[in-house]
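Each remark here refers to the structure printed beneath this line.
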Amino acid sequence: MSELYIRVAEDENEEPMEIPSEDDGTVLLSSVAAQFPGACGLRYRNPESQCMRGVRLLEGVLHAPENDWGNLVYVVNYPKDNKRKMEEIDAASAVKIKRGFQKTSDLIVLGLPWKTTEQDLKDYFTTFGEVIMVQVKRDAKTGNSKGFGFVRFTDYETQTKVIAQRHMIDGRWCDCKLPNSKVFWAGACPDEPMRSRKIFVGRCTEDMTTDELRQYFMQYGEVTDVFIPKPFRAFAFVTFADDQVAQALCGEDLIIKGVSVHISNAEPKHNNIHQLFPQFPGGSASLAAMFARSQYQFPSSHV
DNA sequence: GTTGAGCGTT
């Protein structure tokens with residue numbers, strides 16, 4: 001029946017320590033904590049299922065599984081494990097709240113004069129509100145402007161105002177719109193796709209290192225892996241310990257080193273247009289894309 | 001060295 005001592009260790013592979021039990025066969029949490037300061041419970045590996053199981057804890061008293069501690073080694077639980085989990089959930093819900101709230105997106109700026117620079121763009125758009133990112137898209141070889149760019153504002157009200165009107169920039173009329181990618185993903189990547197722990201980070205620049213990406217994404221939760229393909233391909237994969245964190249970031253545009261990167265689910269091959277719209281049989285991707293656009297032209301978060 | 005509707009080197 002009840003043992004005089006049970007074997008407790010910091011870790012399954014650590015040297016166990018014997019902890020005294022009470023006369024009724026229970027073990028006081030305070031007895032465990034006397035040897036393992038900060039302990040908040042015990043767990044053990046169930047020999048049948050090979051899974052870890054928690055030991056019942058009621059008012060500071062640990063109860064033997066099936067009334068017999070047996071000869072198992074019990075592993076100490078510490079509150080820091082739970083705390084870490086909580087931090088990750090908080091980060092995930094913070095992102096979700098931010099998303100449900102009126103969050104700004106990058107806007108495409110169409111019709112820019114060839115000569116317009118990022119500084120020009122910043123100067124112009126700052127008259128509407130605080131600007132957090134501007135880009136002018138250029139030919140990689142020649143450096144010539146492609147005549148369009150992107151802007152992102154701090155406040156959603158600013159964004160709304162900017163979209164609503166035309167803009168005279170350096171002598172040409174320009175339009176600001178939600179980019180197609182944004183419109184598409186807003187509808188096609190809701191909340192419950194694959195629950196992957198891995199995210200795809202698109203539009204990376206060549207100077208972003210794995211360390212920098214790890215440092216950046218740590219704020220959302222524990223990062224278990226960062227992968228940057230070589231040679232440079234302008235994207236990266238980041239894996240989190242918690243799928244909730246990864247999923248919460250999906251669809252976001254984040255700014256890393258002043259560059260707007262786009263987060264989507266890893267493995268986009270399972271997310272292509274034909275899989276999303278099977279009613280358009282093979283070959284008609286452009287038709288399917290038009291359909292997708294017409295469906296998601298005004299996603300609820302932007303009306 | 002050109003150009004003027006589009007969509008960000010997945």
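Letters A, B, ... are given to chains in the order of the sequence lines, protein chains preceding strands, and every chain is numbered from 1.
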Please write out each protein N/O paired with an N/O of nucleotides 1-4 of chain B under 3.5 Å, distance rounded to 0.1 Å.
residue	atom	partner	partner atom	Å
B:dG4	O6	A:Trp114	NE1	3.0
B:dG4	N1	A:Leu112	O	2.6
B:dG4	N2	A:Leu112	N	3.3
B:dG4	N2	A:Leu112	O	3.0
B:dG4	N2	A:Gly147	O	3.0

Practice task
Could you tell me which residues satisfy ring-ring contact (aromatic ring centres under 6.0 Å, His included) with A:Phe235, sequence neighbours excluded, listed by chain and number?
Solution key: A:Phe200, A:Phe237

Handout entry: Listed partners of A:Phe128 passing ring-ring contact (aromatic ring centres under 6.0 Å, His included), at least two apart
Key = A:Tyr124, A:His167

Nearest-angstrom distance from the residue atom [atom1] of [X] to [atom2] of [N]:
{"X": "A:Phe150", "N": "B:dG8", "atom1": "CZ", "atom2": "P", "result": "7 Å"}
{"X": "A:Ile108", "N": "B:dA5", "atom1": "CD1", "atom2": "C1'", "result": "11 Å"}
{"X": "A:Phe235", "N": "B:dG8", "atom1": "CZ", "atom2": "P", "result": "15 Å"}
{"X": "A:Asp175", "N": "B:dA5", "atom1": "CG", "atom2": "P", "result": "12 Å"}
{"X": "A:Asn265", "N": "B:dT10", "atom1": "CG", "atom2": "P", "result": "18 Å"}

Completion exercise
With the side chain defined as heavy atoms from C-beta on, A:Asp106 is closest, among B:dT9, B:dC7, B:dG8, to B:dG8

Exercise for the section: Could you tell me whether the side chains of A:Asp211 and A:Gln215 share a donor-acceptor contact shorter than 3.5 Å? Expected result: no

Exercise for the section: Say whether A:Arg152 and A:Thr104, considering side chains only, have a donor N or O and an acceptor N or O under 3.5 Å apart. Expected result: yes

Handout entry: Any residue of residues 119-140 of chain A with a heavy atom less than 4.0 Å from an atom of DNA chain B
Key = A:Gln135, A:Lys137

Could you tabulate the donor-acceptor pairs under 3.5 Å formed by side-chain atoms of residues 49-57 of chain A, not counting sequence neighbours?
residue	atom	partner	partner atom	Å
A:Ser49	OG	A:Asn46	ND2	3.1
A:Ser49	OG	A:Cys51	N	3.2
A:Gln50	NE2	A:Pro47	O	3.1

Problem - Any side-chain heavy-atom pair of A:Phe36 and A:Ile19 under 4.5 Å - result: yes

Practice task
Without swapping roles, check the side chain of A:Gln219 against the backbone of A:Tyr216 for a donor-acceptor pair under 3.5 Å.
Solution key: yes

Handout entry: Residues which pass side chain to side chain contact (heavy atoms under 4.5 Å, CB included) with A:Thr205, listed by chain and number, not counting sequence neighbours
Key = A:Asp207, A:Met208, A:Val259

Practice task
Classify the side chain of A:Asn180 and the base of B:dG8 as holding, or not holding, a donor-acceptor pair under 3.5 Å.
Solution key: no

